[in-house]
Trainee: 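One structure is given below, represented as structure tokens, and several questions about it will come after.
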Amino acid sequence: MILKFPEKFLWGSATSAYQVEGENKFSDWEINPPKNSKGPAGNACDHYNRFEQDFDLLKILNQNAYRFSIEWARVEPKEGKFNKAEIEHYRKVLESLKRRGIKTMVTLHHFTLPQWLSEKGGFSNKESIQYFTRYAAKMFGEYKDLVDFWTTINEPMVFSWHGVNNLIKAHKKVYRLFTAFGDGNISVGIIKNDTYFEPYKNLLDKLSVRFLNWWQNEYFLNKIKNQTDFIGLNFYMRLRIRFPFKVKNENKKVSDMGWELYPEGIYYLLKDLQKYNKPIYITENGLADAQDKNRKWYIGEILKSVHNAIQEGVDIRGYFYWSLMDNFEWTDGYEPRFGLIEVDYKTLERKPRPSAYFYSETCKNNQLIIED
Ligand code: GCO
């Protein structure tokens, strides 16, 4: 069976600065990593120095889009002091992608903060709104001709209540600013990590799911739905909920991190996001799978669900696999392997996994071939 995707569908992969670049010495995770984490990331994948080689691989793998983040702490290591050399670095990164005909999606904030802002309380401090807007405006001024899709914040719902509400204001401010100065052809979105919540059995379970869906999946979007040009969806898991908040997953198949592999869950989230009437990009989806035993199956099943949703009228315009390469997985360190490309952390040698070539064929032909 062959499932064709819409014309101009984006096929790519995603990374984040702190997880792949290396030597982000002004970031909070590098200077003061959370107690329960395996931080700091240190040299990571040395992508900072190897991005040309990495983009060659991305091109060989027939991807036509790439999502990455700018490390705020690199470009503004001291409050209000922007670093010209680091701004030049990201210009080189963007130009390198453009030379290869790759569409660029840039995330302005992907979990890490400059240490100077972290010391002020990060996004739980309402002054962060101003700081973020100043940083975003600087990036916009420098790169507006090189970025095809801007995303403000990655996964805002992982922050505290205060943080979430300051992030809502920060997103809105930046959206209005970019739209005002973008002469009409700027695309600015948000990146949400939605979970497919499913009631385990009874009415009480359904009530728990209603609450979780409202808070985790809908709250932020409801607040910013008029200040976003598209929705970025990060999808990893289904949680089957037993009142009040117990998880009772079947776990027929799990990733190396024990996350249930339930690809059909993305279909339900995509159908639910249709109510916002915005274009949708799947900005992260993948699994920790060091032996590459489930990755091809998982990507195939996910894309079948995505194709079903498109057939039913959901305006989905792209898919970014998480991640282009193995990288620093926050509290879990370097153990989990999410990459299409395997990284040998001793030699930093890159090697595409077999599943990367399956995905490459899908990208090249804009279609999914399913062996019957
Ligand atoms: C997240 C982040 C990524 C993770 C990925 C796998 O969603 O936590 O966007 O940085 O590495 O999702 O957990």
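Read the numbers this way: they start at 1 and go in the same order the structure lists the ligands and their atoms.
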Trainee: Among Lys253, Glu198, Arg240, find the residue that satisfies the side-chain contact (heavy atoms from CB on, under 4.5 Å) test when tested with Tyr262.
Mentor: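 Among Lys253, Glu198, Arg240, the one that satisfies the side-chain contact (heavy atoms from CB on, under 4.5 Å) with Tyr262 is Glu198.
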
Trainee: Walk me through it: do Lys59 and Asp56 pass the test salt bridge (charged side-chain N to carboxylate O under 4.0 Å, His left out)?
Mentor: CA-CA 5 Å; Lys59 193 71 186 161; Asp56 284 340; over 6 Å; no

Trainee: Between Trp330 and Phe111, is a side-chain contact (heavy atoms from CB on, under 4.5 Å) present by the stated rule, with each step listed?
Mentor: CA-CA 10 Å; Trp330 307 112; Phe111 284 0; 3.4 Å; yes

Trainee: Would you say Glu71 and Tyr48 are linked by a side-chain donor-acceptor pair, where the criterion is simply a distance under 3.5 Å?
Mentor: no

Trainee: Are there any protein N or O atoms under 3.5 Å from the N or O atoms of ligand 1? List them with distances, or say none.
Mentor:
from	atom 1	to	atom 2	distance (Å)
ligand 1	7 (O)	Glu155	OE1	2.9
ligand 1	7 (O)	Glu155	OE2	2.2
ligand 1	7 (O)	Glu284	OE1	3.2
ligand 1	9 (O)	His110	NE2	3.0
ligand 1	9 (O)	Asn154	ND2	3.1
ligand 1	9 (O)	Glu155	OE2	3.4
ligand 1	9 (O)	Glu284	OE1	3.0
ligand 1	9 (O)	Glu284	OE2	2.5
ligand 1	10 (O)	Gln19	OE1	2.7
ligand 1	10 (O)	Gln19	NE2	3.4
ligand 1	10 (O)	His110	NE2	3.0
ligand 1	10 (O)	Trp330	NE1	2.9
ligand 1	11 (O)	Gln19	NE2	2.9
ligand 1	11 (O)	Trp322	NE1	3.4
ligand 1	11 (O)	Glu329	OE1	2.6
ligand 1	12 (O)	Tyr236	OH	2.9
ligand 1	12 (O)	Glu284	OE1	2.9
ligand 1	13 (O)	Glu329	OE2	2.7

Trainee: Check whether NZ of the Lys or CZ of the Arg Lys248 lies under 6.0 Å from the centre of the six-membered ring of Tyr200 and within 45 degrees of that ring's axis.
Mentor: yes

Trainee: Restricting to side chain to side chain contact (heavy atoms under 4.5 Å, CB included), what partner residues turn up for Glu142, sequence neighbours left out?
Mentor: Ile87, Arg91, Lys138

